[in-house]
Amino acid sequence: MPELPEVETIARGVQERLRGDRIVEAWFGSHREPFKTPPARQAKGLEGRAILAVHRTGKHIVCELSTAYGNPIVESAGGIGAQWIVHLGMTGRLLVTTPDTPLAAHTHARLSLASGRELRFMDPRRFGRLDFRDLSRNPAFSAAGADPLTVTAAEFAALFRPRKLPIKAALLNQKLLSGVGNIYADESLFRAGIRPPRLSGRLTRAELEGLRLALREVLEHAIRLGGSSVSDYVDADGVRGFFQLEHCVYMRTGLPCRRCQTPIQRILLAGRGTHYCSQCQR
DNA sequence: GAATATTCCTGAATGC
DNA sequence: TGCATTCAGGAATATT
């Protein structure tokens, strides 16, 4: 499932290929989900706009768009154009294709570009979300929580010290940190040597700082490897990532810990499958 | 107000 | 073989 590294990989891929391109025509499916803004309004809003930049905010892919009719504005002008915001949910994919590529099942959006290419969004489970914002009427999109790659030690401690819930549950709360999902919560806790059920507020400052650094390290490593392909994740070109080969605990229930050979445990925490090593994590 | 449970949804895996 | 059941989970919403 797409978390920060996968979303970052896709955003970079789309940015590389489509920056400066123009949306000629937009087609949207008729399902109720995954549209946050009604599909007809998104299609109308997107057509005619140029793609100025594509970047990641939390687990969201944000396409920065020009004003509607030509005149691509400079990025620094901000607040004049529009944004197309893509959240991949569990099974969402955003792919750059050619028009003759057969339409995959569960395709919910198809943007035809001036270059002749297409940007397609598919999502079998429809947990993803597509949103359109006209910046002349709405504020720009911003993530609810801090970014795990840039959060400072003081900010991190301030977010987690007052919480009375398992640290694993706190890491998944997007209002605290934006971008951490089940895979990287488990992997960062393993690398920090902290058991997932421990209460956030009971961790020492040193443990919290170790966790912040482990989280940043694991996310940066995963980005370098193009993310984790555990179910069906692929980047903007349909290429799988490789970080799943580096997983120490996630989906390794019963397998020997890579560090101490103790079988990896799986428990349910905050409604999520949670994996850890009872020997390495205290 | 914070923490936890429920809900959405489909494909893959499992059971009979 | 094939149909029915179970399970996974991000995040909004509902409940405790």
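Just the heavy atoms: all of them, side chains too, but no hydrogens, waters or symmetry mates, feed the values below. Proteins come first, then strands; the chains are lettered A, B, ... in the order of their sequence lines, and each starts at number 1.
A:T150 places none of its side-chain heavy atoms less than 4.5 Å from the side chain of A:R216. The shortest side-chain heavy-atom distance between A:I61 and A:F121 does not fall under the 4.5 Å cut-off. Here the side chains of A:F132 and A:Q83 are not in contact, with every heavy-atom distance at 4.5 Å or above. At least one side-chain heavy atom of A:L176 sits less than 4.5 Å from a side-chain heavy atom of A:R163. A:V180 places none of its side-chain heavy atoms less than 4.5 Å from the side chain of A:L4. For the pair A:H55/A:T57, a side-chain contact is recorded, criterion being any heavy-atom separation below 4.5 Å from C-beta on. Side chains of A:E209 and A:F156 form no contact here, defined as non-hydrogen atoms less than 4.5 Å apart.
Closest contact between the side chain of A:H106 and the listed nucleotides B:dG11, C:dG9, C:dA11 involves B:dG11. Of all nucleotides listed (B:dT10, C:dG9, C:dA11), C:dG9 comes nearest to the side chain of A:M90. In the set B:dC9, C:dG9, B:dG11, the nucleotide with an atom closest to the side chain of A:Y250 is C:dG9. Of the candidate nucleotides B:dG11, C:dG9, C:dA11, C:dA11 has the atom lying nearest to any side-chain atom of A:Q174.
Here A:F127 packs flat against the base of C:dG10; its ring centre is closer than 5.5 angstrom to the base's six-membered ring, tilted by less than 30 degrees.
Both A:V96 and A:L65 are assigned to one and the same hydrophobic cluster, defined by single-linkage of ILVMFWY side chains at heavy-atom distances under 4.5 Å.
Backbone-only contact: A:G273 has heavy atoms under 4.0 Å from sugar-phosphate atoms and none from a base.
When the P atom of C:dG10 is taken as reference, atom CG of A:L176 falls 16 Å away, rounded to whole Å. In this structure, A:D123 atom CG and B:dT10 atom P are separated by 10 Å, rounded to whole Å. In this entry the distance linking NE2 of A:H31 with P of B:dC8 reads 16 Å, nearest Å. Taking atom CZ of residue A:F35 and atom P of nucleotide C:dA11, one finds them 19 Å apart after rounding to whole Å. Atom CG in A:N182 sits about 14 Å away from atom C1' in C:dC7, given to the nearest Å. With rounding to whole Å, A:L159 atom CG is found 13 Å from B:dA2 atom P. Atom P of nucleotide C:dG9 and atom CG of A:D186 are separated by 9 Å, given to the nearest angstrom. In this structure, CD1 of A:I267 is placed 13 Å from P of C:dG9, rounded to the nearest angstrom.
For the helix from B:dA2-C:dT16 to B:dC16-C:dG2, the terminal axes (five pairs an end, C1' atoms, rotation from four pairs onto the next four) enclose an angle of 60°, given to 10 degrees.
When the side-chain nitrogen and oxygen atoms of A:R163 are compared with OP1 and OP2 of B:dA2, none of them lie within a distance under 4.0 Å. The side chain of A:R125 contributes no N or O atom lying less than 4.0 Å from OP1 or OP2 of B:dC8.
Atom CZ of A:R282 has more than 12 neighbouring heavy atoms from other residues, nucleotides or ligands inside a 6.0 Å radius.
Proximity of the aromatic rings of A:F28 and A:H108 is defined here by a centroid distance below 6.0 angstrom, and this criterion is not met.
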Strictly under 3.5 Å: I want the nitrogen or oxygen pairs between protein and nucleotides 12-16 of chain C, one per line.
none

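Residue A:P162 is the one, among A:P162 and A:R272, whose nearest nucleotide of DNA chain B lies closer to the 5' end (criterion: closest heavy atom). Taking the nucleotide of DNA chain C with the nearest heavy atom to each of A:R266 and A:H87, the more 5' of the two is matched to A:R266.
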